[in-house]
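To start, the structure under review is shown below, and the notes come after it.
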Amino acid sequence: MYLPPIKNPLSVQMLGKCLIRWYRRHRRPLPWRDNPTPYRVWISEIMLQQTQARTVIPYFMRFLERFPDVNELAAAPEREVVELWAGLGYYIRARNLHRAAKLILEKHGEFPRELKAILELPGIGRYTAGAICSLAFNQVQPVVDGNVRRVITRLEGMESGKNDSFFWNRMSEWIPARHPAEFNQAMMELGATVCLPSKPLCSLCPVEEACKARRLGIQDTIPAVRTKHAVQQIQVVILILEAGGKILLTSIRKVAFIPGEWGLPCSRIRSGESGKEAAEKLCCSILGRSLPVKPYVRISHSITYYRIKAHGFFWRGDLGSAELRKGDAFRWADRAGCGRLLTSSLFRKTLLKYGASNVS
Ligand code: SF4
């Protein structure tokens, strides 16, 4: 299909037309794009934070199957929502979804349509609220995510960084009164599939002729890549305590960045401390006494910028009169089913190795 080139200076009207036409033809078939109700847009946008679309698809399908609407989500126990989130990480998002679902029903009875009301819901910022208003209600509300920032930076050929309000203002100026949802999605889709962070596919771009960066030959160098967070190496000890065929889980977060509601007892190994010493100390903090724990596995795992060396220790036997401290923070789970409750893949890996090891 022939797309008319945009003549410089950039024509806002033509930009919108070209992008929307391109989007209709080239958009990826993603399940949340069919029937974009506010609920479906909301769930998908929250899942897509920090996670790629192809990874999100099966999670989205499962979530919608179990919680097809805001009523079902609000009525579910929080634990079930978090369990279904397992693998997506950043579990605060699942908790906020659940809280927001309850608030929506209490305050509005149905999903609110106004930007202000949507912004008041937990876990929803300016981007997500704008996405819901435009994608679900077709309101003229701009959205700015990382992809949109990159596309604007290149279209405008900006070599120095701009603050957030610059990008929001640009999108407010550019968004057309007709088809605002498609325009927003076209900008995001262009950034996700063509105007890639490195080596943008300019020959496939519908607005190539209007792109300043392309004209100046700087499309590969802007926007400047942000310096990455320094990687941190840490060592942790993970305990599997098994009594009567049940495994002890805890909700106490001694290693704050490991996500999830329920985990295996775990703590950092301090410098100068051995894995065994850390395991015994952890055991004492839970049971008030030490147990003869044995090492059985070492696992390497990454969470964001943490590179973790996990030392797995186990103990299996009869606990007799030993008492758990802070009882509410612990639960015994069947060995066969407790993997389902573990929302961190580090703990799931540790448990899997325990099941697979000859540790008797
Ligand atoms: Fe991005 Fe290239 Fe299109 Fe410019 S021409 S917007 S750099 S893909």
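Counting convention: from 1, in listed order, for ligands and their atoms alike. Note: hydrogens, waters and symmetry copies are ignored here, and every other heavy atom, side chains too, is used.
- A salt bridge is defined here as a Lys NZ or Arg NE, NH1 or NH2 lying under 4.0 Å from an Asp or Glu carboxylate O, and E208 with R214 meets this definition.
- A salt bridge is defined here as a Lys NZ or Arg NE, NH1 or NH2 lying under 4.0 Å from an Asp or Glu carboxylate O, and R99 with E78 fails to meet this definition.
- Near atom 4 (Fe) of ligand 1, less than 2.8 Å away, sit the protein N, O or S atoms C211 SG.
- A salt bridge is absent between K212 and E159: the closest approach of a Lys/Arg side-chain nitrogen to an acidic carboxylate oxygen does not fall below 4.0 angstrom.
- The only member of L249, I238, I240 that meets side-chain contact (heavy atoms from CB on, under 4.5 Å) when paired with F347 is I238.
- Taken together through direct or relayed side-chain contacts under 4.5 Å among Ile, Leu, Val, Met, Phe, Trp and Tyr, L346 and I234 form part of one hydrophobic cluster.
- Taking a cutoff of 4.0 Å between a charged side-chain nitrogen and a carboxylate oxygen, R170 and E173 qualify as a salt bridge.
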